[in-house]
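The structure under discussion appears below in the form of structure tokens.
For reference, positions follow the sequence shown, starting with 1. Worth knowing before you read on, the calculation uses all heavy atoms, side chains too, and leaves out hydrogens, waters and symmetry mates.
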Amino acid sequence: MSWKKQEKNWSNIVVTTSTAIFAIVSIITVFISVTSWQAQREAARPYFTFKESPTVHLNDDISFEFKFSNVGTHPASCLSSKTLVFDQNLLEKPTFEDDYTVINDIPRDTTTSLLLNIDHKDICQRANINSQFVIIYLRYNDPIIRRSYTQTLYLKWAGVIAYKPQPFIHVESSERSGIQNYLESNRLLD
């Protein structure tokens, strides 16, 4: 009798162990599936990038035109932006602030423009203007997954030399912390 009892105990142990292993494998599979689904969903989110280099026009005012393209799979809705223009010395208040909101959805591979006109007489009439940082803070929603996103674009405009507008250039990574400190200390993106 004890041999049958021992055989029954071993079979119970084998069944219990295999059930536990199956449960662990199932939990791992669910975890991997959920993680993969979240990564896939995040990859489909709306995301804005420049379609072409920003343009600068100098007349009685300074005009910047930025063309954004939604390179994400999902559309973006309720796109709003806050744009700040300030001297590269980071000591003065912004020379320009603008808030802008787009009411239409922006589907995938669709371009939207942001046109800024700086009509600041003290600045626009100068033959030379120092380099300026241009910060564009975007907020938008993904209407499919109902999630909000923010995106900050850091640009540097090389200013004006001898009444000739200079192009936009990329902000160096070494300048980013100074810009962020400037924005925080002046509470400009609150």
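Under the 4.5 Å side-chain heavy-atom criterion for grouping Ile, Leu, Val, Met, Phe, Trp and Tyr, Val134 is not connected to Ile161 through any hydrophobic cluster. In terms of hydrophobic clustering, with Ile, Leu, Val, Met, Phe, Trp and Tyr side chains grouped at heavy-atom distances under 4.5 Å, Ile13 and Phe22 are assigned to different clusters. Under a hydrophobic-cluster definition in which Ile, Leu, Val, Met, Phe, Trp and Tyr are linked whenever side-chain heavy atoms come within less than 4.5 Å, directly or via other members, Leu115 and Phe168 are assigned to different clusters. Under a hydrophobic clustering in which Ile, Leu, Val, Met, Phe, Trp and Tyr are joined whenever their side-chain heavy atoms come within less than 4.5 Å, directly or via other members, Ile169 and Ile136 fall into different clusters.
Across all their heavy atoms, Asn70 and Pro46 have their closest contact at OD1-CA, 3.5 Å. Nearest heavy-atom pair, Asp87 versus Asn89, reported as atom, atom and distance to 0.1 Å: OD1-N, 2.9 Å. Considering every non-hydrogen atom in both Tyr100 and Ser113, the closest pair reads OH-O, 3.9 Å. Scanning all heavy atoms of the two residues, the minimum distance from His57 to Thr55 falls at NE2-OG1, 3.8 Å. Here the shortest heavy-atom pairing between Ala158 and Gln166 reads CB-CB, 3.5 Å. Heavy atoms only, all atoms of each residue included: Ala162 and Asn128 are closest at N-OD1, 2.8 Å.
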Q) Passes side-chain contact (heavy atoms from CB on, under 4.5 Å), Ser81 versus Leu114? Steps please. A) CA-CA 9 Å; Ser81 69; Leu114 173 63; 4.1 Å; yes
Q: Take Asp98 and Thr83 through the side-chain hydrogen bond (donor to acceptor under 3.5 Å, both in side chains) test and state the conclusion after the steps.
A: CA-CA 5 Å; Asp98 182 62; Thr83 306; 5.0 Å; no
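The salt bridge (charged side-chain N to carboxylate O under 4.0 Å, His left out) search around Lys67 returns Glu52, not counting sequence neighbours. With sequence neighbours left out, the side-chain hydrogen bond (donor to acceptor under 3.5 Å, both in side chains) criterion links Asn181 to no other residue. With sequence neighbours excluded, no residue satisfies ring-ring contact (aromatic ring centres under 6.0 Å, His included) with Phe96. Taking the salt bridge (charged side-chain N to carboxylate O under 4.0 Å, His left out) definition, one finds that Glu175 meets it with Lys156, sequence neighbours left out. The side chain to side chain contact (heavy atoms under 4.5 Å, CB included) check on Val160 picks up Leu58, Ile129, Trp157, with sequence neighbours excluded.
Ile21 belongs to a hydrophobic cluster with Val25, counting contacts under 4.5 Å between side-chain heavy atoms of Ile, Leu, Val, Met, Phe, Trp and Tyr, direct or through other members.
Using modelled atom types, one side-chain atom of Thr95 and one backbone atom of Val85 make a donor-acceptor pair closer than 3.5 Å. Within the 3.5 Å criterion, the main-chain N or O of Glu92 finds a donor-acceptor partner in the side chain of Tyr182.
Proximity of the aromatic rings of Phe68 and Phe50 is defined here by a centroid distance below 6.0 angstrom, and this criterion is met.
In this structure, Pro75 and Ile144 have side chains that are in contact, with non-hydrogen atoms separated by less than 4.5 Å. For the pair Ile118 and Asp61, the minimum side-chain heavy-atom distance is 4.5 Å or more. Between Leu155 and Phe66 there is a side-chain heavy-atom pair separated by less than 4.5 Å. A 4.5 Å side-chain heavy-atom check between Arg176 and Ser173 finds every atom pair outside the cut-off. At least one side-chain heavy atom of Ile179 sits less than 4.5 Å from a side-chain heavy atom of Phe86. Two residues are said to be in side-chain contact when any heavy atoms from C-beta on lie closer than 4.5 Å; Pro54 and Phe64 fail this criterion. Looking at heavy atoms from C-beta onward, Leu153 lies out of side-chain contact with Tyr137 at the 4.5 angstrom threshold.
Between atom CG of residue Asp142 and atom OG of residue Ser77 there is a gap of 7.5 Å, rounded to the nearest 0.5 Å. Taking CD from Glu97 and CG from Leu116, the interatomic distance works out to 12.0 Å, rounded to the nearest 0.5 Å. In this structure, Tyr47 OH and Arg108 CZ are separated by 15.5 Å, a value rounded to the nearest 0.5 Å. Rounding to the nearest 0.5 angstrom, the gap separating the OG1 atom in Thr101 from the NZ atom in Lys82 is 12.0 Å.
Checking Leu79, Thr152, Thr150 one by one against Leu138, the side chain to side chain contact (heavy atoms under 4.5 Å, CB included) holds for a single residue, Leu79.
Side-chain contact, Tyr154 with Glu172: no donor N or O sits under 3.5 Å from an acceptor N or O.
A cation-pi geometry, defined here as NZ or CZ lying under 6.0 Å from the six-membered ring centre and within 45° of its normal, holds between Arg45 and Tyr149.
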